[in-house]
Amino acid sequence: MLDQKFIRENPTSVEQKLSSRGKAYNISHIHKLTLKKKEIDIEISILQSESKKLSKLIGQEISKSQNNNNPELNNLKKKGNKYRFKISEFEEKKRILDKQIHDEICNLPNFPSKDAPFGKDESNNVQIKTWGEPLITENVKSHLEIGESLNLFDSEKSAKISKSRFITLIGNGARLERALINFMLDMHTKNGYIELMPPALVNSDSLKGSGQLPKFSNESFKCANDDLWLSPTAEVPLTAFHKNEIVDPKHLPIKYVAYSPCFRREAGSYGKDTKGLIRLHQFNKVELYWFCDPSQSLEAHKKITSDAESILKKLNLPYRLVDICTGDLGFSSSRTFDIEVWLPSSKCYREISSCSNCLDFQARRSSIRTKIDKKNTYLHTLNGSGLAIGRTMAAILENGQQADGSVKLPDALVPYFGSNFLKTT
RNA sequence: GGAGAGGUGGCCGAGUGGUUGAAGGCGCAGCACUGGAAAUGCUGUAUAGGGGCAACUUUAUCGAGGGUUCGAAUCCCUCUCUCUCCGCCA
């Protein structure tokens, strides 16, 4: 959420900043509402002040004179009644205005960072670096083919259970998923992250807090009888973990790592990646999350990104780092680095982690603050996948495939998986 | 699901219609005492909005929202969350 006062005082600057996302934003309507609200606020506080003085006077009069039914007193009470009536009129107007302003501001995305490359869509994203040697050979198999031939998972049976875009992992597939989760959690906790295992169901307020609502209600699954949704990413419960808190500055930065299942409706992606592990309604993810002092968030952004990269390095998976352009940024993010892993079967890099600096955008929506120089100040929040498990498995299968149909697994997984290869059983 | 209790400042906790933003304590900060510290004493210590260069001033806020009243932390209604007991349950 953007700062209401900033919108009121700098409407043109707001429009400029937002419009760098590639679409023109006109906020003159919100701007007018905020001015109107200020007028009403002033009006109300004058009336309240008068009415308060009068009430004190009446109180004093009553305690002075025993007779609390004298005509003078009744006159004063009548006067007070008029104030009450006027005030409630203005308050009604204010209520309506507040709601309008809040609703509109909640639909505005974060300001892109001035450091983010300017651009319209993903074609303007900028590659920062690559790591590892992409495997380019003829006759590579897709992770889907490998998975089916090694009996690691089954999509068709999963469609019977649920529908398409769900997966059941089988035998070594399930074991590998589990190994990857444990491997990643161990890596990150050794690196100073506190592990959390949050609820998978989250309320609407939490989704608003991290920016998924009100605008993107279409992208999450909602429970019919409760105000609960299936969490699309651990970013949601992790943000909400400190909702409405004033965090002690000596605890900063707070760094969490959380494993969670993630649920997404994937509306509008019909026909894309319909098979395999790449795009599912339910997938597992290990998420990194920081709450930090505003002055530290640029550094923190680099760190969270390199923490996510370290997993790919350990797994020896070739990847590249991409600086997301202004037009392709997520709603809550001011700057995002995507990490994309090499998938030999499609001869391209695919997103496996997205590391974002949301500045105070989520903290303001969720009211998460700290004391800095005696002033309550919104924290900065950062999130990054560390990593998406299903896509990691896909990358391991494709990059480790051998001519004989087996898969060589990264050595780092041996303590977790028990061996360094997958064969037909 | 049934019954009951309760949500007050960073924390604990008093307060059942009147000048209460709210006693007291803890915590925290400053000062005094000390060689230094502890202990002690004194002073200060909520958030948000408005006005002012500032000192300051003003309004709101006692889970949320309505209502009664000249006046509500206190009375009424609705919602919500937490806790305890019973039932059910991995």
Side-chain angles (χ1 to χ4, degrees), chain A residues 1-10 30-31 33-103 105-106 197-209 213 223 225-229 237 240-252 254 261 291 360 363-379:
Chain A
M1 190 160 61
L2 303 176
D3 183 14
Q4 189 170 322
K5 191 171 176 183
F6 187 81
I7 293 176
R8 192 178 68 220
E9 290 170 358
N10 310 281
I30 307 176
H31 181 239
L33 293 178
T34 57
L35 292 176
K36 186 93 203 263
K37 176 175 140 49
K38 190 174 160 183
E39 276 174 36
I40 289 181
D41 278 344
I42 291 171
E43 200 66 45
I44 288 179
S45 77
I46 293 170
L47 285 169
Q48 276 169 334
S49 169
E50 295 296 319
S51 151
K52 202 172 165 181
K53 276 181 210 154
L54 185 65
S55 293
K56 279 186 188 176
L57 184 68
I58 293 175
Q60 283 164 351
E61 291 298 319
I62 287 176
S63 56
K64 253 191 260 166
S65 71
Q66 271 70 357
N67 173 14
N68 62 0
N69 206 16
N70 74 52
E72 225 175 281
L73 218 52
N74 284 337
N75 264 339
L76 288 178
K77 286 187 186 176
K78 262 185 206 158
K79 206 174 158 192
N81 203 338
K82 275 184 193 155
Y83 278 127
R84 185 159 65 94
F85 188 73
K86 264 195 195 164
I87 290 171
S88 66
E89 249 178 22
F90 276 107
E91 278 182 336
E92 178 63 22
K93 282 185 196 167
K94 179 189 154 87
R95 248 199 302 281
I96 294 167
L97 265 179
D98 271 340
K99 192 176 178 328
Q100 282 179 330
I101 292 169
H102 186 259
D103 287 354
I105 291 183
C106 275
M197 198 171 284
L201 267 62
V202 296
N203 60 36
S204 335
D205 196 48
S206 297
L207 283 163
K208 273 180 210 152
L213 284 180
C223 298
N225 297 321
D226 300 280
D227 177 33
L228 289 169
W229 304 65
F241 192 60
H242 288 292
K243 183 159 64 184
N244 298 326
E245 286 184 15
I246 297 170
V247 177
D248 191 330
K250 65 179 177 237
H251 295 148
L252 296 177
I254 302 175
F291 295 90
D360 64 0
R364 181 172 281 109
R365 288 169 91 99
S366 303
S367 187
I368 306 169
R369 295 170 294 177
T370 191
K371 283 262 192 239
I372 296 175
D373 298 328
K374 295 190 176 174
K375 277 211 61 151
N376 283 349
T377 312
Y378 290 109
L379 290 172

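So that the names make sense, note that chain A is the first sequence line, chain B the second, and so on, each numbered from 1.
- Judged by Watson-Crick or G-U wobble contacts below 3.5 Å, the nucleotide G10(B) has C26(B) as its partner.
- Comparing the C1' positions of U20(B) and G36(B) gives a spacing of 43 Å, expressed to the nearest Å.
- Taking atom CD1 of residue I87(A) and atom P of nucleotide U69(B), one finds them 14 Å apart after rounding to whole Å.
- Pair check for U68(B) finds none; no Watson-Crick or G-U wobble contact set falls under 3.5 Å.
- R369(A) has no side-chain polar atom (N or O) that falls below the 4.0 Å cut-off from OP1 or OP2 of U47(B).
- With P as the reference atom, U80(B) and G65(B) are 15 Å apart, rounded to whole Å.
- Side-chain contact between F291(A) and V247(A) is absent, with no heavy-atom pair separated by less than 4.5 Å.
- The nearest pair of heavy atoms linking W229(A) to S204(A) is NE1-OG, 3.6 Å.
- Of the charged side-chain nitrogens involved, at least one lies within less than 4.0 Å of a carboxylate oxygen, so that E92(A) and R95(A) count as a salt-bridged pair.
- Spacing between C31(B) and A38(B) at atom P, rounded to whole Å, works out to 13 Å.
- The nearest whole Å value for the distance from the NZ atom in K79(A) to the C1' atom in U69(B) is 18 Å.
- When both pairing distances are held under 3.5 Å, A46(B) makes a Watson-Crick or G-U pair with U61(B).
- If you check every strand for non-hydrogen atoms under 4.0 Å, K53(A) touches nothing.
- Side-chain contact between I96(A) and K93(A): absent, with no pair of heavy atoms (C-beta onward) separated by less than 4.5 Å.
- Partner assigned to A39(B) is none, using Watson-Crick or G-U wobble distances below 3.5 angstrom.
- Among residues two or more places apart in sequence or in another chain, the salt bridge (Lys or Arg N to Asp or Glu O under 4.0 Å) test is passed with K99(A) by D103(A).
- Base pairing analysis places U34(B) opposite nothing; no Watson-Crick or G-U wobble pair with both distances below 3.5 Å involves it.
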Give every pair of a protein N or O atom and an N or O atom of nucleotides 50-53 of chain B that lie under 3.5 Å apart, one pair per line with the distance.
| unit_1 | atom_1 | unit_2 | atom_2 | d |
| --- | --- | --- | --- | --- |
| G50(B) | OP1 | R8(A) | NH1 | 3.3 |
| G50(B) | OP1 | R8(A) | NH2 | 2.4 |
| G51(B) | OP1 | K38(A) | NZ | 2.7 |

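- In this structure, K82(A) forms no cation-pi arrangement with F85(A), as its terminal cationic atom is not both closer than 6.0 Å to the ring centre and no more than 45° off the ring axis.
- In this structure U20(B) sits in no base pair that meets the Watson-Crick or G-U test at under 3.5 Å.
- Counting to the nearest Å, the P atom of C70(B) and the CG atom of L54(A) are 11 Å from each other.
- With U19(B), U69(B), U58(B) as the candidates, the nucleotide lying closest to the side chain of K56(A) is U19(B).
- Residues C106(A) and H102(A) have side chains in contact (heavy-atom distance under 4.5 Å, counting atoms from C-beta outward).
- Closest approach of I368(A) and H242(A) over heavy atoms only: CG1-O, 3.3 Å.
- Rounded to whole Å, the P atom of G6(B) lies 14 Å from the corresponding atom of G13(B).
- To the nearest whole angstrom, the two C1' atoms, one in G49(B) and one in U40(B), are 41 Å apart.
- Rounded to whole Å, the separation between the C1' atoms of G41(B) and A46(B) comes to 26 Å.
- Between R95(A) and G65(B) there is no side-chain N or O to OP1 or OP2 distance below 4.0 Å.
- Between the NZ atom of K82(A) and the C1' atom of G71(B) there is a distance of 18 Å, rounded to whole Å.
- Summarising the geometry, the separation between CZ on R84(A) and C1' on A60(B) is reported as 18 Å, rounded to the nearest angstrom.
- A search for salt bridge (Lys or Arg N to Asp or Glu O under 4.0 Å) contacts involving K37(A) returns D41(A), D98(A), not counting sequence neighbours.
- For the C1' atom pair drawn from C81(B) and G63(B), the interatomic distance equals 7 Å after rounding to whole Å.
- With RNA chain B read from its 5' end, the first of the two nearest nucleotides for I58(A) and Q48(A) is the one closest to Q48(A).
- Taking the P atom of each, G17(B) and U74(B) are spaced 12 Å apart, rounded to whole Å.
- Pair assignment for G87(B) gives none, since no Watson-Crick or G-U wobble pairing has each distance under 3.5 Å.
- For D98(A) and A60(B), the CG to C1' distance is 12 Å, given to the nearest whole Å.
- Rounded to an integer number of Å, the gap from NZ of K77(A) to C1' of G17(B) is 12 Å.
- In this structure, I368(A) places its CD1 atom 18 Å from P of U47(B), rounding to the nearest Å.
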